[in-house]
Amino acid sequence: MKGLRNYIKELRKCSTKEQERQRVIKEMAHIRQQFKKSSGLSGYDRKKYVAKLIYTYMNGYEIDFGYIEAIELLGSKKYSEKRIGYLAVAIFLNENSEFVKLIINSIDKDLRSDDEKFQCLGLTAIANIGGKEMAESLTSQVQKLLVAVNTNRFVRKKAALCLLRLFRKYPDLMVSSEWAERCATLMNEPDLGVVTSLLSLFLSLVAKDPDGYLPIQEKAINALARVVLDRDVRPDYIYHDVLAPWVQVKLLRLLQYWPSPKSKSVSKKLNNVLNHILSTGKGGRDRNHINSTQAILFEAIDLVIQLGNSRSLMKDSTKKLLEFLSSKDLNVRYLTLNSLTHLMIVSEDTSNVKSHQQQIINALNENDISIKKRALDLLYFICDHSNSREIVGELIKFLQVADHEIKDDLVLKIAILAERFATDFSWYVDVILKVIRLAGDSVSDDIWYRVVRIVTNNKSLRNYAARTLFHTMQSPKCHEKAIMVGAFVLGEFGAVIAKKENSSPQVQFALLKSKFHSSSRKTKSIILTAFLKMRVRHQEIRDKIDSFFKTHVSSIEPEIQQRAVEYSTLSVNFPNLLPVACEPMPPFPEKENALLKRIKEQQEDTMDPRAWSLQQKSTEEQETTSKLETIDKEKDTGEDEKETAKQSKLIDDDEDIPQEVLEARKREAEQMKSNQSGGIMDDIMSIDNNLMNQTGNSGYQKSSQQLDLITDPTNISQTGNTANNQNPQNDIDELRNLDITIGMGPQNSQNNQENLIGDSGMLLTDAEEKMTESRSRLLFLRLCVNPAGVLFENDFLQIGIKSEYHGPVGKMMIFFGNKTDFPFTSFHAHIPPVPFLKFNVGDAPNLVRPKTQEKMLISFECQEEFGDPPTMNISLACEGLQDKGFKSIFDLPIIPNKFLEPVNISAQDFFGKWRQISGPPLESQDVFSAVTVNLTNIASIISGIKLGILPAVDQNPNNIVIAGVFCSKKKQVGILGRVEVSQVKKMIKLTLKTPSSTITSALRKIFLSQLQAN
Amino acid sequence: MISAITFINEKGSILISRMYREDIPKNFAESFRIEVIAAKEIGCPIKQMEDTIFMFQRISNIFIVAVTKKNVNAALVFEFLKTLVSVLESYFGSVNENSIRNNFSLIYEILDETIDFGYPQNSSTDILKLYINQENFRQDKDSAETAKKIAIKATGVIGWRKDDIFYPRNELFLDVIESVNLLMSNSGNVLKSDVAGVIVMKSQLSGMPECKLGLNDKVAIEEQTTKTSKARDSAIALDDCTFHQCVKLGKFDSDRTISFIPPDGVFELMKYRTTENVMLPFKVMPVVKEQGGSTVEAKVTIRAEFSEKLFASKVVIRIPVPKNTADTKTSTTIGRAKYDPTAEAIVWRIKRFPGRTESSINAEINLIRGVDSNKTWSRPPISMDFQVPMYTSSGLRVRFLKVFEKSNYEAVKWVRYITKAGSYQIRI
C-alpha cells in the first residue's frame, strides 16, 4: 500500500502540529470524497483508506466516519483486507458502540468458517471489544470452538482466552454445572500451550465457584504429576532447564482453591508432587532458571500451607522459607515474608519462625516499603506473650523512622499488640502514650477511644493513667491526641490524683485551660465537658470553671458556644441535676474490638479468596483478646457501685438530691447495661442523651442532640451550624416545617391547629419513608388551601412553594432542595404555557449544588376562568442517583380558588342572587360524608379556600353561607354557596352557585377534596 | 523588562545572544529548545515556563526570542522585535541564519544600542546608521565634530531626522489604508462594525520641512466656525488617534492640526479608529439550508455598495462547510469557487468586482454520514477578503497637506486611499 506509506511519510515530515493537522484534514476530505463516490470502491482502495484512517486515529485525531467501510472489510474474502477490517474495528469500536451490532454477524460467520485464520481474527475481535450483545450472541460459538474435537490447537488457545475475557465481564455466561465436566475433559489435552491458556480461564472460573468446578481438581493434579514426576514435556516447553514453569505455577495456584482431595490416591499423588518440588529447587545456573524454580517453589509452599494436611511437608516448607529469609534477592525476601505470614496464620507452631525474629525485625529497615509492610504483618502474627515486649519495643523504635504510608497500619498494630499481650496495664498506657508522642497524627480516633475504654473498664489503671497523662500533658510539645485522652481521663478520674500537692484540681484546671486555646474544636469540646465534670467533683475551682464557661458563651465557634451555654445553664440553674449528669462513666459493655474490626476489614480488602483461612484465624484471636479485656470487670462493677454510693453521699452533703432523681439514676444505670449496640462513642453519646432526657426539660431535649455528638467531627459540623443557619439541610428542614407553621394561619382555632399538627406530624414521619403517589397528592391538596408548603419530596429532591395572591395576580417562589451529596446538573424546570394564565417565569436554576436549595420566582396573571391547574416539568441529572437522572411532571397548586377574594354581602343581596342561578351546570349540589363536622374546622378550611363566610344569613348554626369573587383579567365571577352540616350523620350538603360552569365544577372539586372523607 | 534577546535557529542552537539583565539562567535557550521548538509549539508566540516568559518571532528559519521574568508590556516587546527586524533588514537585506552568522558583530552593536538594561532605546534606522556602520572603517581622527553631531542627534529634540538631506525632486506620498471589521447576523443586522485606519507616509523632502495635514475631522472642523455647513456634514469622528513621534501632540491637542517634521522615508504617521457611520463596501446575503444529514445547500449573493466608478480587487469569500463534507458542486456568476478542505470552506475568488453590481454563488455540499449523527454543525460565519482602492469606509478625506521649508521649494504631493477587509464576517 504505497499510498499509506506516502501518507505516513508526509505526516512524519511535518515540522509543526498545525502543518500536520492541515495534512490530515486534506487527507480526510479526500477519503470522504472517495467513500462518497457512488461507483463501488475496490477492496484494495477500501483497505488502503481504512488503514489511513487507523493511522490518523492512532495519531490522536478524531475519526467520525469510515466505520461502515471498515465493517465492510470484515466480510471480505481476502485475508489482508479482513485483517485491516478487524484491526480497524478493534481500534475504533468499544463495547458501547452502536456498530457492535453490525459486526456480530460477520464475526459469527468467521467463527463458523473452516479457515482457522478467520476464526482467530474473530476470536481476537471478540476479546478486544467484548460488550454485552456480543457476549450474548457469540459466547456459545466460542464455547463450541473451545470444546470441538477438530479445533486447531492455536484456535483453541485463543478461544480459551477469549472466553476468559467474556467471563470476567459477564460471569453469568458460564454455568459450572454445565461446564465443569467438559472443562475437566479438556485438561487431557497433551499440548502444554493449550493447557496454559486453559489454566488462565480455569483460574477465573474456579475463583468464582470452587465447588462447582471440583472435577477439574483431579485432572489438574494428574497434569501436574505428568509434568513434575513423569517429565512428559516437549522440548520447546523447557525453559532454562525448568519444565514448563508457567504451567506448573498456574496448576499449583489453581489447586489452592480447593481443599485437600478426598481420594487418598490422588491426595498421595499430590503430596508426592509437592515433595518432589520441595526437595529439588536447589542449585541454579542462571537467573532465569532460579527465578522460575523459585516461582514454582513459592506457589508449592502456598499450596502446602493452604492444604495444611501434611506435617512433614509443612516442616520442609518452613525450613525452605527460613533459608530464603536471608536471600540476597529483594523479591525473594518479599515472597518469603508473605508466605511466612500465611504460614503463621495457619500453623500453631511459631517457635521455628520466632528464632528468626531478629532477621524479620531487620527487614523493617529495608528500603522497600512493601517488604516493610510484609515484615510488619509477620511480626504481628508471631507476637505472643513471650516476645511481645521485645517486638512492641522494636516496632516503636521503627515508628520513629517509618514512612508515612506505613505509619497508620503500624500504630494500629502496636495498639492491638500492646493491648493483647499487656501483662500490666501501665505498660499498655506507656506504649500508647509513646505512640501518640511519636506519631500522633497517625493515631486514629478509634485507637484513643479504645484507650479511654480500657482505662474506664480497669479500675486499677485509673490512678496510673491519670498520673501519667497529667505528666505528659505538662510537656509543652504534647500532642493533641494526648490532650484528648488526658482531658477525658482527668475529667473522669482527675479526683484520684487530686490529693497530691502538685496535681491539685487547681493545677489540673490550669493545665487544661492552658491547652484549650491551641486545640482544635473537637479537643475543646472534650475539655469543656471535662471541666463540667471537674466542677461537680471539686468545689474549690467551681468559680473558675463558671467564669471559664461564661467567657465562651459568646465563642465564635457554634459548637463551643453551644456547650458553654448549656453547661453554664446546667450548672447554675439545675444544681440538682448536674451531679446526675456528670456521674462517673460506667464500664463499657463488651463488644467487638473496633481496632480488630478495622484490621479485619483491611485484610478483607487485600486478601484474595484463597486466603479464606486468614479470617478464621483472626476471629479466633479476637476471642482471646476480649477475654483480656474483661480481666477485672467483675470486681470492677462491684467497686463501682460502692464508688457511686460514696460520691452520691458527697453530693448529699452539699445539696439535697430529690429521691426521684436517685431513682432515675438507677434506672439510667440499668439502661446503660442493657445498651449493647453501637460503637464506643455510642456509649458516650447515650450517656449524655440519657442525662439530658432525665432533665425532663423539653428545651434541653432538643439540644441534647447536639450534646451527644461529643466527639464525632462530621456531626459537629452539621449540628454546629444551626446557630448561624447556613446549613442547607436546615433550610430544607425549615421549609418542611413551613407547612406546619404557615399552613395554619392566625384565624384557625386551637382545635384545628392540633388537628393539623397531628396531621403534619404524620406527614413528617411519612417523609422518611418512600414517596408514594397518595403522599404527593396529599401535599398538593394541602397546598391548595395553604400559601406555602412542600409540593414534592423524596429521598433526593424536595420542592417547596411559597405563594402570594392579589386579585388576579399571583407570585410564587419555588424552592428546589437537593438532598444528595452530588450536584444536580442540567437542572431544568419548565412551565408549559397555558391559555388562562399569563406567566412571567424568572430565571430557573440549572445547577443545584449538593445539600443546597435554589429558587425560582414566577409571577402570573389569571386571564379567564379555568379548571385544571398548570404543570411544571422537572428534569435533572445527578451522579448520585441510581439512574443518573430524574424527570417528572408536577401539578402546580395554581387553582381557581387561589384567585378568590371573600366578599361580604347582606342576606338580602345574597338570596336575590341565589335565586337567579339554578340548575346544573351553574349550580352543583353534593351530599357526602365529611372528614370533619367541627364547624370551626370547616370554617378554617373555607377561609383557606379564600371564600368569605356570611355570619348572619342563615339562622341554623350548622349551616355556613359563603360568598366570594373569582378575579381574572377579563371578568370577575361571583360565587355563592352553602355548607349544611349534619352533626348526627356526619354528612355535609354542599351547594355552590356561580355564573360560570367551569368555576362551579372546579370549586366543587376543591371542596370535595378538602371536606369529603374517603 | 527584556532580560535577553537571542537569535535561535530551527535546531535550537543559539546564533547570537545578548543578556541585558542577570535575572535569568544562562541555559534558558535550552528550555526554549525543548519546550517550544522540540514540542512544535510555535503557534503561540508567547511561552511561559514557570516565571520565565519567552516572546518570540519567527523570521524565515530563525527565532528571535525576547526573554523576561517581569510582567512586561507584551505589545511593546513585539513592537520592538518587529522594529529590530526592520532595522536589521535595512542593514543587510534579508534576515536569515546565514546573514546573521555573517554580521554578528554588527548585530551585537545594534543590540547594544537599541536596548539599555532591558529598556528599548533608539530604533530609528537613520540615526543608528550614523554611528553603526556596516563597513568596519575607523573614523577619522578629526571627526570630533561628526561625533558631536551624532551626540546631538541621538539625544536631541528631532532624533528621527538628519538635517542635511537633499532630494533634487521633493515628493511626499500619503496612503490612507483602512481595514473594515464587520460582524453581521444572518438576517442582515449589523452587530458590530468599525474601521481601523492607518496613514502611511513616504517622504522624500530636502532640509527640515514642516508639514501640516488636514483631515475632515469633526472636532477640527467644528472649531473653525467659518467653514461651510457642507464641510461639516462630511466630517467624521475619529476615535483613538495615535501618532508617530514626530507629530507635535501639543498642537494637536490645542487646535487639532497635525503638524510634524517627517522622518526620511516610509513611516506610519497616524492610526485611528471609527465606529460610527461605517460605510460597508459589500453587502452579503447568505441562504444556507441543511437538508437532512446528507446535503447542505448554500446560496450567497453579494452586492458591491461603492460607486460604479470604483472596483474591488482580490475579493475572496469563504463559505464554511461542515467537517464531514465529501464533495461540493458550485456555480458562480463571476469568479471561481473551490472546496478547500483545510479551511473547511468553499473559497470563492473574484479578481475584479465592479461597483454597484451583484453576483452570487450556488453551492451544493454533499456530506458523508458521521458516527455521531446527533452532532450538529456549528455554522461558523462567512468571512471575506477584499481591497477597494480610492475608497474609505470611514469617509475620511485629506483636506490639505502643506509643506513649509526654509528654501520654500514646491513639493509634489500624492494621496491614495484604500479599504481592505479586516475581519469581515457574516453569520449564516
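Protein chains get the first letters and strands the later ones, always in sequence-line order, with residue 1 at the start of each.
- Separating the NZ atom in Lys323(B) from the CZ atom in Arg32(A) is a distance of 9.5 Å, to the nearest 0.5 Å.
- Crowding of Arg18(B) atom CZ: a count of heavy atoms from other residues, nucleotides or ligands under 6.0 Å exceeding 12.
- Environment of CZ in Arg849(A): sparse, with no more than 12 heavy atoms of neighbouring residues, nucleotides or ligands closer than 6.0 Å.
- Here CD of Glu18(A) is found 9.5 Å from OG1 of Thr342(B). Values are rounded to the nearest 0.5 Å.
- Contacts between Glu10(B) and chain A at a heavy-atom distance below 4.5 Å are absent for every atom of the residue.
- Around the CZ atom of Phe104(B), the shell of radius 6.0 Å holds no more than 12 heavy atoms that belong to other residues, nucleotides or ligands.
- By the neighbour-count criterion of 12 heavy atoms within 6.0 Å, atom CZ of Arg427(B) is sparsely surrounded, having that number or fewer from other residues, nucleotides or ligands.
- Of the inter-residue distances, the one linking Gln34(A) atom CD with Ile368(B) atom CD1 reads 10.5 Å to the nearest 0.5 angstrom.
- For CD of Gln19(A), the number of neighbouring non-hydrogen atoms (other residues, nucleotides, ligands) closer than 6.0 Å is greater than 12.
- Contacts between Ile37(B) and chain A at a heavy-atom distance below 4.5 Å are absent for every atom of the residue.
- For Asn105(A), the CG atom is loosely surrounded, since the number of other residues' heavy atoms within 6.0 Å does not exceed 12.
- Using modelled atom types, one side-chain atom of Lys36(A) and one backbone atom of Leu367(B) make a donor-acceptor pair closer than 3.5 Å.
- Atom CG of Asp327(B) and atom NE2 of His30(A) lie 12.5 Å apart (nearest 0.5 Å).
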